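The structure appears below as structure tokens.
What you are looking at is a predicted structure, and each value in this text was computed from that prediction instead of being measured. All residue numbers refer to positions in the sequence shown, counting from 1. The figures that follow rest on heavy atoms only: side chains count, while hydrogens, waters and symmetry mates do not. Order of appearance sets the numbers: ligands from 1, and atoms from 1 within every ligand.
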Amino acid sequence: MLEIRGLSVSFGGVHALSNISISIAPGRIYGLIGPNGAGKSTTINAITGTITPTRGSILWQGEDVSRRPQHWRARAGLARTFQNLALFQQLSVRENVTCGAIRMHRDEDLVATVDSALDDFGLGDIGDSPVSVLSLGTRKRVEMARAMVANPKLLLLDEPAAGLTGGEIDDFCTRVRSLKNRGSAVLLVEHDMNLVMSLCEHLYVLDFGKLIADGTPEEVRESPAVQAAYFGAEHDEQH
Ligand SMILES: Nc1ncnc2c1ncn2[C@@H]1O[C@H](COP(=O)(O)OP(=O)(O)OP(=O)(O)O)[C@@H](O)[C@H]1O
Ligand SMILES: [Mg+2]
């Protein structure tokens, strides 16, 4: 469904991504992990169109979309959440969630679709509250609802569990598994290794903008390159 080939992204002299290749199939949960600054958010930004790659191709259902605008990609089935949340703070919960659905439905369907998403995410009672007054966990739930109301084929999640309580993390896992069960794919960027190991079926590991390993969680855990990136002296010397 998604084929990234030889993707490189540079910001001036910083090589945020160097020649990475990633494949994503429907109905599977993928993890994208790596130390701080490894290039994880940059990968999501390139896939969804917030940045333009320096080199390489991003094939989405067979078509190179690497120069397509963000809204085109959203409409084609790519949805995301942001590491630092990107909600409209002064708008209500309902208005924020509506933003995710607005391109997807005819007007008469829109209200019903948003209402049902608000109920599904336990946001029905606070639909009229401005986002700015909500807790971090609730704001993250609003962002997830905004992404999911578009009924994405691939949902890209940038550190969705950071700052959540145990109960909120359990709820999050249930939602991710339900997406998989209806045939969507998920790419999860996350530092919480317990969460990554329990949810993901396949992992990609980045370090200094390079893909250093990919495979099942067990394969990746055993990889010497991954162990060096996370714990090794070799890695410290590169810093
Ligand atoms: N817009 C930008 N302009 C300049 N440099 C950038 C930009 N975005 C990212 N970078 C740099 O690219 C590299 C990769 O950053 P990225 O945010 O993708 O890392 P990350 O793996 O998401 O890290 P973290 O786990 O801390 O979120 C870093 O060196 C970062 O400073
Ligand atoms: Mg990041």
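- A donor-acceptor contact shorter than 3.5 Å links the side chain of Ser21 to the backbone of Gly6.
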Go through the steps to decide whether Asn45 and Arg80 satisfy the test side chain to side chain donor-acceptor pair (under 3.5 Å), and finish with yes or no. CA-CA 9 Å; Asn45 290 340; Arg80 71 172 298 177; 2.9 Å; yes

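- Residue Glu159 approaches ligand 1 through these ligand atoms, each under 4.0 Å from one of its heavy atoms: 25 (O), 27 (O).
- Among all non-hydrogen protein atoms, the one lying nearest atom 30 (C) of ligand 1 is Val14 CG1, 5.0 Å.
- Transitive grouping of hydrophobic side chains (ILVMFWY, heavy atoms separated by less than 4.5 Å) keeps Val189 and Met148 in distinct clusters.
- At a 3.5 angstrom cut-off on N or O pairs, Gly37 counts as close to ligand 1.
- The single protein non-hydrogen atom nearest to atom 25 (O) of ligand 1 is Lys40 NZ, 2.7 Å, given as residue, atom name and distance.
- Without hydrogens or angle criteria, Glu201 side chain to Ile29 main chain gives a donor-acceptor distance under 3.5 Å.
- Per-residue contacts place His191 under 4.0 angstrom from the following atoms of ligand 1 (heavy atoms of the residue considered): 25 (O).
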I'd like to know whether Arg146 forms a salt bridge (charged side-chain N to carboxylate O under 4.0 Å, His left out) with Glu143, so could you lay out the CA-CA distance, the side-chain angles of the two residues, the decisive distance to 0.1 Å, and finally the verdict. CA-CA 5 Å; Arg146 182 176 69 182; Glu143 218 192 32; 3.6 Å; yes

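- For atom 27 (O) of ligand 1, the closest heavy atom belonging to the protein is Gln83 NE2, 2.8 Å.
- Distances between N or O atoms of Phe11 and those of ligand 1 include no value under 3.5 Å.
- Rounding to 10 degrees, one finds that the Mg ion (ligand 2) sits at the corner of an angle of 80° between Gln83 OE1 and Ser41 OG.
- Using a distance-only test at 3.5 Å, with no hydrogens or angles considered, a donor-acceptor pair links the side chain of Ser184 to the main chain of Pro152.
- In this structure a side-chain-to-backbone donor-acceptor pair under 3.5 Å is present from Lys180 to Gly27.
- Nearest protein heavy-atom contact of atom 17 (O) of ligand 1 is Ser41 CB, 3.8 Å.
- Taking a 4.0 Å cut-off on heavy atoms, Gly34 fails to register as neighbouring ligand 1.
- In this structure, Arg73 contributes its side chain and Ser66 its backbone to a donor-acceptor pair below 3.5 Å.
- Within the listing of ligand 1, atoms 12 (O), 13 (C) sit less than 4.0 angstrom from a heavy atom of Ala16.
- Of the listed residues (Asn45, Thr42, Asn36), the one carrying the non-hydrogen atom nearest atom 15 (O) of ligand 1 is Thr42.
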